Amino acid sequence: MAEHRQRSRRRGQGELEALVLSALREADGPATAGWVQERLGGDLAYTTVVTILTRLLAKGAVTRERAGRSFAWTPASDQAGLAAHKMRRLLDAENDREAVLASFVTGLGPDDERLLRELLGQTGNEGDD
């Protein structure tokens, strides 16, 4: 019984999204939900795969095109892009963007702070070093 509970562990939405995106990136081109389901080993219901793909579509992480009576899906973003989208969505939901960004930056470790400065410098927004 405990073994069954362990195998049927409920995965989080972000984990499923990452698995589906990873499977799509491995495809040679646009892939159907059925192909994604098979690629993931079939332990997810077809309807669950379609739900995840539809959520990813709403987030701009995938695109779809009609393929007969179904859709073929293509990744529009990788896992980093999806995480960045989540970060922007959280930031957009806050009233005081400056306070949120300031709190985020002051909480960064030295390596992440250096990396952020380098990235900002590449966009022409270089600050004091």
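Index from 1, following the sequence. Nothing here was measured: the structure is a model prediction, and the numbers come from that model. Values below: every heavy atom of this structure, side chains too, minus hydrogens, waters and symmetry copies.
The two atoms that bring Val49 and Ala33 nearest to each other are CG1-O, 3.6 Å, heavy atoms only. The heavy-atom pair separating Leu40 from Asp43 by the smallest distance is O-OD1, 3.4 Å. Here the closest heavy-atom approach between residue Pro75 and residue Leu21 is recorded as CB-CD2, 4.2 Å. Across Gln37 and Ala45, no two heavy atoms sit closer than the pair NE2-C, 3.7 Å. Across all non-hydrogen atoms, the minimal contact from Trp35 to Ala23 is CZ3-O, 3.3 Å.
Under a hydrophobic-cluster definition in which Ile, Leu, Val, Met, Phe, Trp and Tyr are linked whenever side-chain heavy atoms come within less than 4.5 Å, directly or via other members, Leu120 and Leu91 are assigned to different clusters.
Residues passing the salt bridge (charged side-chain N to carboxylate O under 4.0 Å, His left out) test with Glu94: none are found, sequence neighbours excluded. Take Glu38 and apply the side-chain hydrogen bond (donor to acceptor under 3.5 Å, both in side chains) test, not counting sequence neighbours, and it matches no residue. Annotation: side-chain contact (heavy atoms from CB on, under 4.5 Å) contacts of Ala84 (sequence neighbours excluded): Arg88. Residues satisfying the side-chain hydrogen bond (donor to acceptor under 3.5 Å, both in side chains) test with Asp92, not counting sequence neighbours, are Arg97. Scanning for side-chain contact (heavy atoms from CB on, under 4.5 Å) contacts around Ala93 gives an empty result, with sequence neighbours left out. Residues passing the salt bridge (charged side-chain N to carboxylate O under 4.0 Å, His left out) test with Glu118 are Arg114, sequence neighbours excluded. Scored by the side-chain hydrogen bond (donor to acceptor under 3.5 Å, both in side chains) test, Arg69 finds no partners at all (sequence neighbours excluded). When the side-chain contact (heavy atoms from CB on, under 4.5 Å) test is applied to Ala72, the partners found at least two apart in sequence or on another chain are Pro30, Glu65, Ala67. The salt bridge (charged side-chain N to carboxylate O under 4.0 Å, His left out) search around Arg64 returns none, not counting sequence neighbours.
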Let me check something: any side-chain donor-acceptor pairs from residues 102-109 under 3.5 Å, sequence neighbours excluded? List them with distances.
unit_1	atom_1	unit_2	atom_2	d
Thr106	OG1	Ala102	O	3.0
Thr106	OG1	Ser103	O	3.1

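For the pairing with Leu24, the side-chain contact (heavy atoms from CB on, under 4.5 Å) check across Val62, Leu19, Leu56, Thr74 returns one residue only, Val62.
Looking at Arg55 and Ile52, their side chains come closer than 4.5 Å, going by heavy atoms from C-beta outward. Contact check for Thr54 versus Trp73: side-chain heavy atoms found under the 4.5 Å cut-off.
Cluster note: Val50 groups with Tyr46 through ILVMFWY side-chain heavy atoms spaced under 4.5 Å, whether in direct contact or through intervening members.
Expressed to the nearest 0.5 Å, how far OG1 of Thr51 lies from CD of Glu17 amounts to 11.0 Å.
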